[in-house]
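Please read the structure below before turning to the comments.
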Amino acid sequence: MLSVDKTNRSRRSGIDKAMAYAISLKCPNDTATPVLDLWREASHFETAPSMQALNYPPHLTLAIYGDITPERPLEVVRKVFRDTPSISVEFSGIHDFPNETLVLWARPVDDSALRRMHQAIHREIDPMLCHEHYRPSHWQPHCTIAMNIPKEAAAAALRWAAETTAQFTVTFDAVDCLKFPPVEIIEEVKLWP
């Protein structure tokens with residue numbers, strides 16, 4: 001989820017609302033279709049479609065940094081992912097993060113490979129520089145479906161999430177070092193097939 005909570009909590013973790021850097025595993029291929037379909041369906045609960053507005057493919061964010069030079073995450077992306085194969089992730093079910101607005105997300109069935117990637121990044125960059133929700137002790141691997149559902153639509157959105165099967169597999173075949181908002185790719189590393 002390429003968003004940063006704009007509350008004091010995010011400022012304490014070194015992320016300012018002007019610019020952040022992220023390391024993100026993405027799916028720019030046809031296996032993203034089930035996620036794109038869920039984005040469209042879930043956007044009916046939002047004032048404006050949050051995920052489509054990113055102009056960025058379905059993804060799993062591995063780390064978000066604020067007070068860091070962009071060269072550091074770029075070096076880590078090159079080092080950690082230069083010889084990494086693409087990864088197929090099976091998802092099952094839609095879950096939520098309660099926040100000022102409701103966030104819906106798809107949960108990986110087995111997140112062990114994702115956690116290994118996540119740990120590799122945090123061995124290279126001090127986890128305390130990372131947004132608190134993306135640190136090793138707090139990170140929940142997820143593929144965001146909608147990130148801006150207002151309180152008045154939350155009950156209907158949660159009913160929809162509970163009734164939606166959401167079982168699919170996505171092949172993530174690229175990793176980006178990027179800055180946002182808006183999303184701007186600094187460098188993409190293709191994962192080998």
Side-chain angles (χ1 to χ4, degrees), residues 1-4 13-15 19-39 51 54-93 95 105-145 147 166-193:
M1 170 174 53
L2 295 175
S3 69
V4 177
S13 62
I15 308 296
M19 183 61 60
Y21 299 94
I23 298 174
S24 181
L25 189 61
K26 73 177 178 181
C27 176
N29 61 61
D30 290 343
T31 67
T33 300
V35 178
L36 298 172
D37 291 343
L38 289 172
W39 284 6
M51 297 310 293
L54 291 177
N55 196 28
Y56 189 70
H59 59 279
L60 290 153
T61 303
L62 300 168
I64 295 178
Y65 302 98
D67 191 17
I68 196 169
T69 64
E71 292 79 21
R72 188 64 187 123
L74 177 57
E75 290 167 3
V76 170
V77 164
R78 290 173 177 164
K79 179 179 180 179
V80 170
F81 296 100
R82 70 174 171 243
D83 294 320
T84 302
S86 61
I87 177 173
S88 291
V89 178
E90 181 183 356
F91 292 89
S92 182
H95 299 265
W105 51 278
R107 175 182 229 125
V109 172
D110 176 4
D111 62 13
S112 56
L114 298 170
R115 289 195 182 275
R116 284 192 296 276
M117 291 176 175
H118 187 254
Q119 289 166 356
I121 292 167
H122 289 292
R123 280 193 296 272
E124 298 294 327
I125 300 176
D126 181 357
M128 294 308 291
L129 295 174
C130 192
H131 183 281
E132 65 183 313
H133 296 300
Y134 291 85
R135 292 177 188 163
S137 58
H138 292 97
W139 184 61
Q140 170 61 61
H142 65 281
C143 183
T144 305
I145 303 300
M147 62 181 169
Q167 293 181 326
F168 52 87
T169 300
V170 174
T171 300
F172 295 92
D173 57 8
V175 175
D176 286 334
C177 177
L178 54 89
K179 65 181 177 178
F180 70 97
V183 174
E184 181 182 325
I185 298 169
I186 298 170
E187 183 161 318
E188 174 186 88
V189 173
K190 295 278 191 189
L191 304 181
W192 48 273

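Start at 1 with the first residue, then count along the sequence.
With hydrogens and angles disregarded, no donor-acceptor distance shorter than 3.5 Å links the side chain of W192 to the backbone of R82. In this structure, H118 contributes its side chain and L62 its backbone to a donor-acceptor pair below 3.5 Å.
Between P73 and Y21 the shortest heavy-atom distance is CG-CB, 4.3 Å. Heavy-atom minimum distance, P28 versus P57: CA-CB, 4.2 Å. T61 and W139 get closest at one heavy-atom pair: O-NE1, 3.1 Å. Nearest heavy-atom pair across I64 and A20 is CG2-CB, 4.1 Å. Between S92 and V109, the shortest heavy-atom contact is CB-CG2, 3.6 Å.
Taking the six-membered ring for Trp and thresholds of 30 and 60 degrees, H142 and Y134 have ring planes inclined between 30 and 60 degrees apart.
Applying the ring pair (Phe, Tyr, Trp, His ring centres under 6.0 Å) criterion to F91, with sequence neighbours excluded, gives F168. Qualifying ring pair (Phe, Tyr, Trp, His ring centres under 6.0 Å) partners for H138, counting only residues two or more places apart in sequence or in other chains: none.
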Would M147 and W105 count as a side chain to side chain contact (heavy atoms under 4.5 Å, CB included) if you check the C-alpha gap in whole Å, the side-chain angles of each, and the deciding distance to 0.1 Å? CA-CA 8 Å; M147 62 181 169; W105 51 278; over 6 Å; no

Step by step, would you call V170 with C143 a side chain to side chain contact (heavy atoms under 4.5 Å, CB included)? CA-CA 10 Å; V170 174; C143 183; over 6 Å; no

With side chain to side chain contact (heavy atoms under 4.5 Å, CB included) as the test, would you mind laying out the steps for M128 and R135 before giving the verdict? CA-CA 7 Å; M128 294 308 291; R135 292 177 188 163; 3.6 Å; yes

Full working for side chain to side chain contact (heavy atoms under 4.5 Å, CB included) between F180 and L54: CA-CA 9 Å; F180 70 97; L54 291 177; over 6 Å; no

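Summarising the geometry, atom OG1 belonging to T84 is positioned 12.5 Å from atom CG belonging to D173; distances are rounded to the nearest 0.5 Å. Distance check, rounded to the nearest 0.5 Å: CG of D126 to CD1 of I68 gives 9.0 Å. In this structure, the separation between CD1 on I145 and NE2 on H95 is 10.5 Å, given to the nearest 0.5 Å. Interatomic distance, CG of D110 versus CZ of R115, reported as 10.5 Å (0.5 Å rounding). Atom OH of Y56 sits about 5.0 Å away from atom CG of L178, to the nearest 0.5 Å. Rounding to the nearest 0.5 Å gives a distance of 6.5 Å between NZ of K179 and CD1 of I186.
Between H133 and Q140 the shortest side-chain heavy-atom distance does not fall below 4.5 Å. The shortest distance between side-chain heavy atoms of L114 and L25 falls below 4.5 Å. Taking 4.5 Å as the limit, some side-chain heavy atom of L191 sits within range of a side-chain heavy atom of V175. At a threshold of 4.5 Å between non-hydrogen side-chain atoms, the residues H122 and C130 count as touching. Here the side chains of L129 and R72 are not in contact, with every heavy-atom distance at 4.5 Å or above.
Judged as a salt bridge (charged side-chain N to carboxylate O under 4.0 Å, His left out), the pairs with a partner in residues 25-35 (not counting sequence neighbours) are, in order, K26-D176, K26-E188.
Classification of E75 and R78 as a salt-bridged pair fails, no side-chain N sitting under 4.0 Å from a carboxylate O.
Tested against S88 for a side-chain hydrogen bond (donor to acceptor under 3.5 Å, both in side chains), the candidates T31, T169, T171 yield a single pass: T171.
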